[in-house]
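Predicted model, so just to flag it, every value in this text is computed and none were measured. Note on naming: letters A, B, ... go to the chains in the order of the sequence lines (proteins, then strands), and numbering restarts at 1 for each one.
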There are 2 protein chains.
Amino acid sequence: MDTETLTKPVAAGRSDCPAERTLEFLSGKWRPMVIYWLMDGALRFNELQRRLGPITHRTLSKTLKEMEGAGLVMRKDYGEIPPRVEYSLTEKGRSLQPVLQAMEEWSRTHLD
Amino acid sequence: MDTETLTKPVAAGRSDCPAERTLEFLSGKWRPMVIYWLMDGALRFNELQRRLGPITHRTLSKTLKEMEGAGLVMRKDYGEIPPRVEYSLTEKGRSLQPVLQAMEEWSRTHLD
DNA sequence: CCGTATCCCCTTTGATACTG
DNA sequence: CAGTATCAAAGGGGATACGG
């Protein structure tokens, strides 16, 4: 009996690898770093930019908006002048920690 | 005392997020799927292509060569005619399973 | 301080045709 | 069957300038 065909869809037009869908939330040059820096709490836009180092204003803006759309990041505008906006992780964003941790573990044990 | 500045590098030009380095091994449109399908054992080139669905010959070839260079995939050429080549995961490639598993778990609990 | 609009480059991917 | 070469298309990201 061919157990192989029981555990995985055979020649599926779109063989859903669940890991891949998770990856979509982490793909992009800056997303993991953004999560990393927001893991401890909220940060203002410019503060976050300083932590990230060589990221452009435009790119950070775009990245944050995408992550907000993905439900990973929350934006809080204090409506002050000069502007003051804070970004933080949503529950969903924080829930990615085990994934990032698995990745850290792997980089420790298989890289360096 | 500001403990925050003790746990994370402040304004590092390249604040190393270890997870990011792992991501480099998994980034790319097809890499996770290739690992997924090779996790059970070796597959021939065309067989792998069929499983992956809509991937082009050229792209699969390139992807496999990259992953071979990264030490994730092993290529075995049987030197027969017609050609017969099998691809499989290296130990390093298989070691990524916990990472993929964490991703699967997340997609199950936070997507759908 | 926070954000957007334009322009440009570079990389990745796909389509297609060809080789051993 | 396995792989390469060439060309074209698409998207991500950076530089810069401008607006609220």
Quick one: salt bridge (charged side-chain N to carboxylate O under 4.0 Å, His left out) pairs with a partner in residues 78-89 of chain B, sequence neighbours left out? B:Glu80-B:Arg84, B:Arg84-B:Glu86
Where the side chain of B:Thr22 meets the backbone of A:Met103, is there a donor-acceptor pair that is under 3.5 Å apart? yes
Can you tell me if B:Ser27 uses its side chain to pair, donor with acceptor, with the backbone of B:Glu24 under 3.5 Å? no
Could you work out, with side chain to side chain contact (heavy atoms under 4.5 Å, CB included) as the rule, every residue matching B:Val73, not counting sequence neighbours? B:Leu38, B:Leu64, B:Met67, B:Tyr87, B:Leu89
Looking at residues at least two apart in the chain, or sitting in another chain, which of them share a side chain to side chain contact (heavy atoms under 4.5 Å, CB included) with B:Gln101? B:Gln97
Whole angstrom is fine here: how far is it from [atom1] in [X] over to [atom2] in [N]?
X: A:Gln49; N: D:dG13; atom1: CD; atom2: P; value: 15 Å
X: A:Glu80; N: D:dG20; atom1: CD; atom2: C1'; value: 16 Å
X: A:Arg44; N: C:dC2; atom1: CZ; atom2: C1'; value: 9 Å
X: A:Asp77; N: C:dC2; atom1: CG; atom2: P; value: 10 Å
X: B:Asn46; N: D:dA2; atom1: CG; atom2: P; value: 4 Å
X: A:His57; N: C:dA5; atom1: NE2; atom2: C1'; value: 13 Å
X: B:Trp30; N: C:dT12; atom1: CH2; atom2: C1'; value: 13 Å
X: B:Arg31; N: C:dT13; atom1: CZ; atom2: C1'; value: 14 Å

Between residues 58-73 of chain A and DNA chain D, which residues have a heavy-atom gap below 4.0 Å? A:Arg58, A:Thr59
Classify B:Tyr87 by what it touches in the nucleic acid, base, sugar-phosphate, or nothing, heavy-atom distance under 4.0 Å. sugar-phosphate
Quick one: pull up CG in A:Leu111 and CD in A:Glu104 and give me the separation to the nearest 0.5 Å. 12.0 Å
Nearest to the A:Lys29 side chain among C:dG14, D:dG13, C:dC2, which nucleotide is it? D:dG13
Per the side-chain hydrogen bond (donor to acceptor under 3.5 Å, both in side chains) rule, what does the pair list look like for residues 58-73 of chain B, sequence neighbours excluded? B:Arg31-B:Glu66, B:Thr56-B:Thr59
Hey, can you tell me if B:Trp106 and A:Phe25 have their rings parallel, tilted or perpendicular (30° and 60° cut-offs)? perpendicular
Could you pull out the protein-nucleic contacts involving nucleotides 18-20 of chain C (nitrogen or oxygen on both sides, under 3.5 Å)?
none

Hydrophobic clusters here meaning ILVMFWY residues chained together by side-chain heavy-atom distances under 4.5 Å, can you tell me if B:Met39 and B:Ile55 are in one? yes
